[in-house]
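Okay, structure first, notes after.
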Amino acid sequence: MKKTSGWPLPARMGLAAEFYQFCKLHELRFQRCTDCGTWRHLPRPICGSCGSFNYQWARSSGKGKVYSWITVAQPMLPAFSAAAPYTVPLVDMDEGVRMVALIEDTPPESMRIGMPVEVVFDDMTPEITVPRFRRAG
Amino acid sequence: MAHFLKDKACVAGVGETRYTRGTDTTTLQDALLASSKALADAGLKPHDIDGIVSNAGLAPAPETLAANLGIENLRFAVGNTVGGGAGACAGLQIAALAIASGLARNVLMPVGWHSYSGLRVRKLGSEVDLTTVPGPIGATIADFYMPQGAMVPAHFYGWMATRYVQEYGVQPQAPAAVALAARKHAHLNPLAYMRGRPLTMEDYLNSRIISYPFRLNDCCLETDGACAIVMTSAEQARDLRKPPVFISGCAEGHPYPDDDFGGRADLLHIGLTDAAPKAFAMAEVTPADLDFAEVYDCFTYVVLIELEALGVCKRGEAPDFVRDGRIELGGELPILTHGGLLSEAHLAGAAHIVEAVRQLRRECGERQVRDAEVGVVTGWGDFGDGSIAILRR
Ligand SMILES: [Zn+2]
């Protein structure tokens, strides 16, 4: 996957900044309510299941299964040109949350619902690392 | 007992500008022209208007509209309804509530949008800063979608469409039927941008993939123009210039979680899935009673999923339903009789309401649905917010 300069980096606003701090350590962590145990992603201040404000950043297995995907043929930014066509799946993580990330090194025609994938980390800058997927096993 | 809001408010006037690609007018000029036409259509004067509902980004602010039109007694101003293309239909509900409660007598609802000549994502280059996008979706895109290469509706809605294709084995002929019906109807609409520009099944199947599963001809147009709607009470409508079109049922629905398109347990459960049964119950009609359906058509696949959410057919059955001309004029349920966003122009759903009103007044000439009595309009916006209005003459 070729990513040229100008590839968008996460804005890292609010709690998203904490998510990406763990990515920088090559750790995928999601919030988990310390009162009812519910995992959540996107990051939020409050548990939608029980209303608790208490949570920890719990370590994810990094593994999941494809729920759906797109394959972008026409790049919407010049920075995406070298990468297109590229595939962006939605993945049901083992912990029960859904996550979006571009999948590396996987031809579009091999994409299947339920296909096992795992997280890898892409160090975009010395400060910013983002998760990607690759096909597992 | 009938719902308290059923048939209490009606559309009294509609108006539109030309729909073009390229313009030397401003969206304010366009919105004012469409508003003036809608007022004239209703037989009302600016001083009769005391309410304005407009959607930020898709129309000038109510205060601006009032100041320009000479509306001196504005007392009900809503500057935002709900996300993007769901806003126009949701605005009908807000206006109906205001009118039924007596908060406002006559409500103006314009949309003026230059999606062709105004801000376009592809012009932004790499400098696009979605953290400044207002509303509930900008932060999600900026932090979690865009760094992964997903940044526009064709991408987000594509996740839903791929899931649909995979769950039900949908063939491209199904979305094509939507695109072809819209184009066929556009040929009968003097305002439609695509009038006289043919589209065949072969053209559709040969059109390039923009973002799988969407081909070019699955995607709506970008155009410049405006249209406007004037609403009033059922009592007052009797004395106005045109026959009233009643808001018999209306509702909006929001998929959960509303700020994360990809995060839903079932991507095919959209806002309209929850809203449609409420609107039909309020109107005391069923999908079988509909004479036409102006279904929000940002993408052909979205229309298929909306038809199922409406209850026109069961989940997974829209690809069969849309075959054999069933959704074309003369068929069982004509959709997008004006051409829609796909082939008329992109007025963010407001032109769907204008068309429904004209159909129910039987003003549509060669594209008129014969004996039209009841029709539905839907809206879809942002990350799948849904709105619906059931209209009758
Ligand atoms: Zn909890």
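Labels below follow one simple rule: chain letters A, B, ... track the order of the sequence lines, proteins then strands, and each chain is numbered from 1.
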Dump the intermediate steps for side-chain contact (heavy atoms from CB on, under 4.5 Å) on Val100(A) and Phe144(B), then the final yes or no.
CA-CA 7 Å; Val100(A) 172; Phe144(B) 293 101; 5.8 Å; no

List the steps, then state whether side-chain contact (heavy atoms from CB on, under 4.5 Å) holds for Ile128(A) with Arg12(A).
CA-CA 9 Å; Ile128(A) 301 177; Arg12(A) 293 171 299 144; 3.2 Å; yes

Under 4.5 Å from a heavy atom of chain A, the part of Ala265(B) involved:
backbone

Considering only heavy atoms, which portion of Arg208(B) lies under 4.5 Å from any heavy atom of chain A: side chain, backbone, both, or neither?
side chain

Can you tell which part of [X] gets under 4.5 Å to a heavy atom of chain B, answering side chain, backbone, both or neither?
{"X": "Leu42(A)", "result": "both"}
{"X": "Tyr67(A)", "result": "both"}
{"X": "Arg40(A)", "result": "neither"}

Tyr164(B) vs Leu267(B), test: side-chain contact (heavy atoms from CB on, under 4.5 Å). Steps then yes/no.
CA-CA 9 Å; Tyr164(B) 185 62; Leu267(B) 253 68; over 6 Å; no

Measure the shortest side-chain to side-chain distance between Glu252(B) and Lys278(B) over non-hydrogen atoms and say whether it is less than 4.5 angstrom.
no

Are Tyr145(B) and Phe261(B) an aromatic pair by the rule of ring centers under 6.0 Å?
no

Verify whether the ring centers belonging to Phe80(A) and Tyr86(A) lie closer than 6.0 Å.
yes

Please identify which of these residues, Glu306(B), Glu308(B), Glu167(B), meets the salt bridge (charged side-chain N to carboxylate O under 4.0 Å, His left out) condition with Arg315(B).
Glu167(B)

When heavy-atom pairs shorter than 4.5 Å are enumerated against chain B, which of Val72(A), Val130(A), Leu90(A) gives the highest number?
Leu90(A)

Can you name the residues of residues 57-66 of chain A that have some heavy atom under 4.5 Å away from a heavy atom in chain B?
none

Only heavy atoms, only distances under 4.5 angstrom. Which residues in residues 107-126 of chain A are near chain B?
Ile113(A)

Hey, which of Thr140(B), Asp143(B), Asp260(B), Ile209(B) has the most heavy atom pairs under 4.5 Å with chain A?
Asp143(B)

Option from Asp259(B), Asp382(B), Asp385(B) for which side chain to side chain donor-acceptor pair (under 3.5 Å) with His254(B) holds:
Asp385(B)

Evaluation steps, side-chain contact (heavy atoms from CB on, under 4.5 Å), between His346(B) and Glu222(B):
CA-CA 6 Å; His346(B) 200 320; Glu222(B) 291 172 318; 6.0 Å; no

Would you check if there is a donor-acceptor pair between the side chains of Thr81(B) and Asn55(B) at a distance under 3.5 Å?
yes

